[in-house]
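What follows is a set of notes on a single structure, which appears directly below.
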Number of protein chains: 2
Amino acid sequence: MAETLSPTVLTLKDIAREAGVSLATVDRVLHNRPGVRPDTVRRVKDAIARNSFQPHVAAAELARGRARRFAFVMPSGPNPFMQQIEAYLGEMAAWLSARRLNVEMIATDVFEPAALAASLEALSGDYDGVAVVALDHPSVRAAINDLVDAGTKVVTLVSDVPSSRRHHYVGIDNIAAGRTAGALVGRLVGQRSGKVAIVAGSQGLRDHAERIFGFNQVMATEFPDLSVLPVLEGRDEDDRSEQLLARLLGKHPDIVGLYNVGAGTQGVAKALNDKALGAAGRDKQVVFVGHDVTALTRRLLLQGVMDAAISQNPGHEARAAVRVLLALARGEPILSEQEKIRIDIVMRDNLP
Amino acid sequence: MAETLSPTVLTLKDIAREAGVSLATVDRVLHNRPGVRPDTVRRVKDAIARNSFQPHVAAAELARGRARRFAFVMPSGPNPFMQQIEAYLGEMAAWLSARRLNVEMIATDVFEPAALAASLEALSGDYDGVAVVALDHPSVRAAINDLVDAGTKVVTLVSDVPSSRRHHYVGIDNIAAGRTAGALVGRLVGQRSGKVAIVAGSQGLRDHAERIFGFNQVMATEFPDLSVLPVLEGRDEDDRSEQLLARLLGKHPDIVGLYNVGAGTQGVAKALNDKALGAAGRDKQVVFVGHDVTALTRRLLLQGVMDAAISQNPGHEARAAVRVLLALARGEPILSEQEKIRIDIVMRDNLP
DNA sequence: CATTAAATGAGTTGCGTACCTCAAAACACC
DNA sequence: GGTGTTTTGAGGTACGCAACTCATTTAATG
């Protein structure tokens with residue numbers, strides 16, 4: 001009837017006795033210190049495995065003395081998503097200090113490869129872990145690899161650099177996100193046929209490009225009655241997005257769906273709402289799917305202007321980045337299921 | 001440019017000096033032990049607050065010596081959702097043992113109030129925390145309150161007992177889940193009008209009743225063109241659900257939507273697929289929304305038989321229950337944002 | 001065999017807290 | 001004033017591990 005999931009665990013002393021060696025040797029093996037014969041290493045590791053020994057994290061943490069330092073390298077400038085991440089880190093302050101963890105925010109021009117790489121290089125040696133919102137560029141990749149080589153744990157956040165040797169990526173699969181957006185637009189448009197518009201920041205941004213790719217994939221294979229118009233590049237700016245979209249809506253009265261890949265949501269909504277385009281604007285007739293839950297998108301969802309938002313929970317991302325860095329630093333396994341950022345579909349009725 | 005989120009923290013010795021008392025007195029205040037004058041208590045607490053002191057969890061954990069024991073009281077019998085929770089707890093084994101946490105599974109007949117209450121009473125004194133999938137019944141409520149009074153931390157899982165003094169509820173808001181299901185059925189049906197069927201386990205189950213309530217709410221206010229048929233009570237059994245639904249589909253050729261509130265999904269799908277009801281079955285014509293991502297619902301989503309599943313991540317629930325119990329036992333604050341179980345909308349393209 | 005290098009043992013210290021004991025001081029009461 | 005009670009101080013031990021030193025043993029080399 002009752003079943004125990006966690007057997008009693010031993011201490012290092014027990015392992016030493018089991019392996020027939022001294023505590024010092026166990027310690028050497030555990031921390032990959034030199035001066036132990038391969039055969040002895042094996043005996044110790046066997047004893048550890050045989051008893052499924054886990055070092056007591058509390059004891060280890062206490063014994064190491066110095067606090068751990070983590071750095072979050074984030075884009076400078078006003079970016080609501082990044083501000084949210086910073087806010088969530090602030091909410092963890094008590095949690096962090098109870099574990100003697102120091103987290104520092106470092107702002108840099110993420111879109112300038114040289115500046116970002118320089119910021120990263122400057123961290124070398126001083127930090128146990130670094131989370132970075134990174135651009136996928138050779139110099140950035142090199143900077144990340146240097147950090148890794150120096151023993152710093154590196155996690156990419158939101159935007160990955162798969163070609164680097166970063167230890168982990170905390171963020172969503174953007175192709176899948178685009179596919180999800182496509183499925184939503186297609187399904188919500190329903191029986192109607194017509195055209196679908198895409199507004200993106202830039203097709204040069206890795207995540208935007210991936211989302212568009214996924215979106216088009218689904219549209220082509222599953223919704224042949226809908227034709228996708230060329231991507232508008234609004235540079236994530238409200239004004240530019242509005243102008244481009246307004247012109248497009250004017251030219252194509254049969255637009256039934258819209259996918260906003262990045263920011264500039266304010267402008268997109270304004271264009272949809274523009275009275276000049278029809279008696280009551282097009283906001284309720286066009287299925288509008290975008291990204292991220294902010295104060296603005298929340299309002300648009302409630303008003304029925306936006307139909308769904310694809311969201312990657314920024315709180316989850318912030319916490320996952322910290323937890324992953326901590327687990328890496330401690331040499332603990334990562335609960336991959338827990339740290340995986342899911343693609344959330346947010347509609348009016350499941351607004352968080 | 002760089003901003004520290006976590007200032008250096010002091011130790012108990014520093015606090016003692018700050019407050020002008022001895023370590024022993026600080027310890028007495030910190031653990032609400034008697035024998036300290038109110039005025040002194042205030043002085044110590046002031047010093048703690050003034051320096052935003054946080055006890056070092058690692059040191060505290062190490063010093064207390066004995067491991068913590070948590071119990072998960074879950075329904076007996078083959079329930080896929082519960083099995084998943086147990087599996088996820090198994091995945092945490094290393095995490096748990098590194099923290100010297102013992103988690104035990106206790107199976108009981110959750111639908112029998114007396115049996116459940118007895119199971120809970122039997123735990124008194126032996127556990128630091130209990131997570132229970134509870135029925136909302138006076139005797140269960142009393143048993144929970146007894147546990148709480150005995151100093152055990154209690155968390156309700158999946159199904160709440162709001163009238164009890166449980167410390168926390170880990171699960172979704174079922175009314176909101178029903179609303180979400182309603183919105184999905186309504187939106188996915190599109191322009192068509194017709195009838196909508198509901199299959200539930202029993203309207204006597206709190207969570208099912210709440211979901212139906214939320215579903216009807218949305219249907220009535222937002223989709224007046226759809227009329228909801230009386231709820232079928234399939235008792236979460238495949239056969240019974242199939243028979244009831246098959247009869248209903250036969251009687252109403254104009255059913256365009258279906259909400260399956262609980263289990264019995266296999267039966268529901270079979271009824272939809274029944275060739276006797278039409279040339280090719282009704283599975284692709286009826287919008288079908290259900291709950292939970294299992295091997296079965298995953299297949300149905302991929303086949304296009306099911307259109308969306310409302311999901312409460314069982315892995316997240318298992319981990320959240322453990323984390324909340326641990327935080328409660330340690331006297332740490334709970335990261336409510338992190339522990340909140342979200343209502344996930346799962347469609348074919350964002351299957352986890 | 002002697003010499004040197006490598007491997008291992010034995011031991012110490014300290015991390016910050018919980019929990020305990022015992023004595024001393026402060027206080028309340030008659 | 002003396003009594004008894006409450007409050008406070010001082011100190012110790014233990015938790016499990018990291019990190020270190022230094023002596024000793026074992027193996028490799030010439």
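Keep in mind that what you see is a predicted model, and the values were worked out from it rather than measured. Reminder, nothing fancy here: chain letters follow the sequence lines and each chain counts from 1.
OP1 or OP2 of dG9(D) has at least one side-chain nitrogen or oxygen of Thr25(B) nearer than 4.0 Å. A close approach under 4.0 Å does occur between a side-chain nitrogen or oxygen of Thr40(A) and OP1 or OP2 of dT8(C).
In this entry the distance linking CZ of Arg99(A) with P of dG16(C) reads 17 Å, nearest Å. Distance Arg68(A) CZ to dC15(C) C1': 13 Å, rounded to the nearest Å. Rounding to whole angstrom units, CG of residue Leu23(B) and P of dC20(C) are separated by 16 Å. When rounded to the nearest whole Å, the span between CZ of Arg43(A) and P of dA7(C) equals 14 Å. In this structure, the CZ atom of Arg17(B) is 14 Å from the P atom of dG9(D), given to the nearest Å.
The side-chain contact (heavy atoms from CB on, under 4.5 Å) check on Asn32(B) picks up nothing, with sequence neighbours excluded. Applying the salt bridge (Lys or Arg N to Asp or Glu O under 4.0 Å) rule to Arg342(A) yields the partners Asp344(B); only residues at least two apart in sequence or on another chain are considered. For Glu317(B), the side-chain hydrogen bond (donor to acceptor under 3.5 Å, both in side chains) test picks out no residue, with sequence neighbours left out. Qualifying side-chain hydrogen bond (donor to acceptor under 3.5 Å, both in side chains) partners for Gln84(B), counting only residues two or more places apart in sequence or in other chains: none. The side-chain hydrogen bond (donor to acceptor under 3.5 Å, both in side chains) check on Arg166(B) picks up Asp160(B), with sequence neighbours excluded.
Classification of Glu61(A) and Arg330(A) as a salt-bridged pair holds, one side-chain N sitting under 4.0 Å from a carboxylate O.
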With B for base contact, S for sugar-phosphate-only contact and - for none (protein heavy atoms under 4.0 Å), nucleotides 15-28 of chain D reads BBBSB-------S-
